[in-house]
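A quick write-up on the structure given underneath.
All residue numbers in this chain count up from 1 along the given sequence. Since the model is a prediction, treat every value here as computed from it, not as a measurement. Below, all heavy atoms of this structure are taken into account, side chains as well, without hydrogens, waters or symmetry copies. One-based numbering, in listed order, for ligands and for the atoms of each.
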Amino acid sequence: MNLDVIVIGAGSVGTPTALFLSEAGLKVAVIEKNPSTGQGQNKAAIGGVRATHSDPAKIGIGLKSLEIFSTWKEVYGDDIGWKAGGYSYIAYREQEVSLLKKLLKIQKEFGLEIEWLDKKDLLSYIPYLNPVNLLGGTLSIKDGQVSPLKASSSFARQAIRKGVKFFYNEEVVEILHNEHKINGVRTNKGDYFCETVVNAAGADASIVMKSIGLEIPIFPESHEAGISCPLAHFLKPLIVDLREGPEGKTSNFYFGQNDEGAIIFCYTPEPSIQGIDRDCTSEFLPVIARRLIDVIPSLAYMPVRRVWRGLYPMTPDGIPIAGREGNWEGLYILAGMCGQGFMLGPGFGKEITAQITNGKPVLEPEISKAFSINRDFSSQVEALK
Ligand SMILES: Cc1cc2nc3c(=O)[nH]c(=O)nc-3n(C[C@H](O)[C@H](O)[C@H](O)COP(=O)(O)OP(=O)(O)OC[C@H]3O[C@@H](n4cnc5c(N)ncnc54)[C@H](O)[C@@H]3O)c2cc1C
């Protein structure tokens with residue numbers, strides 16, 4: 001088979017990347033060890049899509065992704081569950097007020113539409129929010145929500161229409177190369193040849209690089225989530241509460257109501273739980289239920305449908321690794337997406353397509369340096385991981 005690019009992994013990042021590469025005229029194959037698209041961490045995501053970050057490069061990729069998600073139905077005809085309504089970071093303490101207000105400057109400078117709402121305005125946008133001790137919050141109105149399940153199948157369907165070949169149930173076990181020039185991949189079923197390989201293997205991205213002795217600092221962390229039965233629509237934005245939980249086991253938590261009316265929710269365990277354990281815990285539901293009711297008391301009556309657990313592919317600074325690996329000609333890394341791979345996937349797909357084809361990049365090179373694999377991972381930290 002004559003191929004220009006092989007993408008490893010049909011996940012949040014790999015599938016839209018394959019689509020955009022093929023739209024740019026390249027012959028693309030995706031190799032995925034699972035039986036279909038989106039079966040890695042993509043299906044664990046709760047579907048929040050935002051450009052509300054603290055790092056300018058993430059804001060830029062996030063804005064590109066939002067443009068793609070919000071116009072997907074018009075451009076490609078498929079419903080991916082897009083729900084407008086924005087993201088709101090709420091503040092009940094002065095420390096969150098000062099952090100969020102401090103970030104507004106850089107967020108606005110890099111093109112994010114975001115405002116600070118005082119208590120009265122926030123309550124009029126989110127009427128059921130607990131008003132006791134509420135100080136205000138941010139609203140980035142162009143953010144939204146999307147179904148990761150509908151989106152990944154639509155990305156794959158559109159990619160197939162464009163001629164991308166998907167090889168499922170097939171695992172990449174080795175990167176083929178001649179000196180430091182990439183010339184394909186070896187899977188458990190055979191060899192495929194091409195001059196460009198994109199490693200979009202998510203939480204396994206560092207394992208895939210072992211055959212060429214390349215170390216990339218990506219380590220999985222376990223996170224749980226859940227979803228309710230559909231409720232009447234009452235909640236416009238996805239809400240993030242940055243406080244640590246009173247029970248001492250959580251830091252921030254976030255939730256929203258998706259386009260079908262279900263409340264979808266998640267928290268960040270404190271301390272973080274490293275590793276690949278995906279068994280649900282007995283403490284998740286009681287802990288998050290208290291936190292949800294604290295912020296929206298009427299959620300006390302919400303019937304929960306199911307819970308699940310997945311992985312955040314973390315980097316030390318909470319910023320993805322994206323771009324060409326300098327020592328290996330033809331190797332691109334698109335991994336370490338942390339808790340934002342679904343929302344950043346399409347934007348990164350466009351960015352990497354531009355880099356591979358010499359098209360117009362989404363980001364200025366000076367800004368995209370933040371994603372370099374050769375950066376100092378201790379010098380910058382994303383404040384809204
Ligand atoms: C509870 C929870 C909630 C989340 N909520 C959100 C959210 O609201 N918004 C958001 O943006 N993100 C969210 N995330 C994070 C998001 O799920 C991840 O960042 C994202 O899915 C990572 O995308 P990826 O493409 O890098 O990895 P994946 O989607 O996991 O794709 C990688 C693919 O590579 C395949 N693969 C790996 N190794 C090989 C190999 N050797 N050969 C072939 N195939 C291979 C895997 O099977 C997998 O399908 C959440 C995560 C969790 C756990």
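- Hydrophobic clustering, with ILVMFWY side chains joined whenever heavy atoms are under 4.5 angstrom apart, groups Ile288 together with Ile239.
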Problem - Chi angles and distances behind the side-chain contact (heavy atoms from CB on, under 4.5 Å) call for Phe20, Thr357 - result: CA-CA 11 Å; Phe20 299 139; Thr357 59; over 6 Å; no

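- Side chain of Asn42 to backbone of Pro148: a donor-acceptor contact under 3.5 angstrom is found.
- Taking the six-membered ring wherever Trp is involved, the centroid distance between the rings of Phe155 and Trp72 falls below 6.0 Å.
- You'll find the ring centres of Tyr332 and Phe348 outside the 6.0 Å limit.
- For the side chain to side chain contact (heavy atoms under 4.5 Å, CB included) with Leu122, the lone residue among Leu139, Ile90, Thr138 that qualifies is Ile90.
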Would you mind writing out a table of all protein N or O atoms found under 3.5 Å from any N or O atom of ligand 1, naming both atoms and giving the distance to 0.1 Å?
| residue | atom | partner | partner atom | Å |
| --- | --- | --- | --- | --- |
| ligand 1 | 5 (N) | Ile46 | N | 3.1 |
| ligand 1 | 8 (O) | Gly47 | N | 3.3 |
| ligand 1 | 8 (O) | Gly48 | N | 2.9 |
| ligand 1 | 9 (N) | Gly48 | O | 3.0 |
| ligand 1 | 11 (O) | Gln340 | O | 3.4 |
| ligand 1 | 11 (O) | Phe342 | N | 3.0 |
| ligand 1 | 11 (O) | Met343 | N | 2.6 |
| ligand 1 | 12 (N) | Gly339 | O | 3.0 |
| ligand 1 | 17 (O) | Gln41 | O | 3.0 |
| ligand 1 | 19 (O) | Cys338 | O | 2.8 |
| ligand 1 | 19 (O) | Gly341 | N | 2.9 |
| ligand 1 | 21 (O) | Ser12 | OG | 2.8 |
| ligand 1 | 21 (O) | Asn42 | N | 3.3 |
| ligand 1 | 23 (O) | Ser12 | OG | 3.4 |
| ligand 1 | 25 (O) | Ser12 | N | 3.1 |
| ligand 1 | 25 (O) | Val13 | N | 3.0 |
| ligand 1 | 29 (O) | Ser12 | N | 3.1 |
| ligand 1 | 29 (O) | Asn42 | N | 3.1 |
| ligand 1 | 30 (O) | Gln41 | N | 2.7 |
| ligand 1 | 41 (N) | Val172 | O | 3.0 |
| ligand 1 | 42 (N) | Val172 | N | 2.9 |
| ligand 1 | 44 (N) | Lys33 | N | 3.1 |
| ligand 1 | 47 (O) | Glu32 | OE2 | 2.6 |
| ligand 1 | 47 (O) | Asn34 | ND2 | 3.1 |
| ligand 1 | 49 (O) | Glu32 | OE1 | 2.7 |
| ligand 1 | 49 (O) | Glu32 | OE2 | 3.1 |

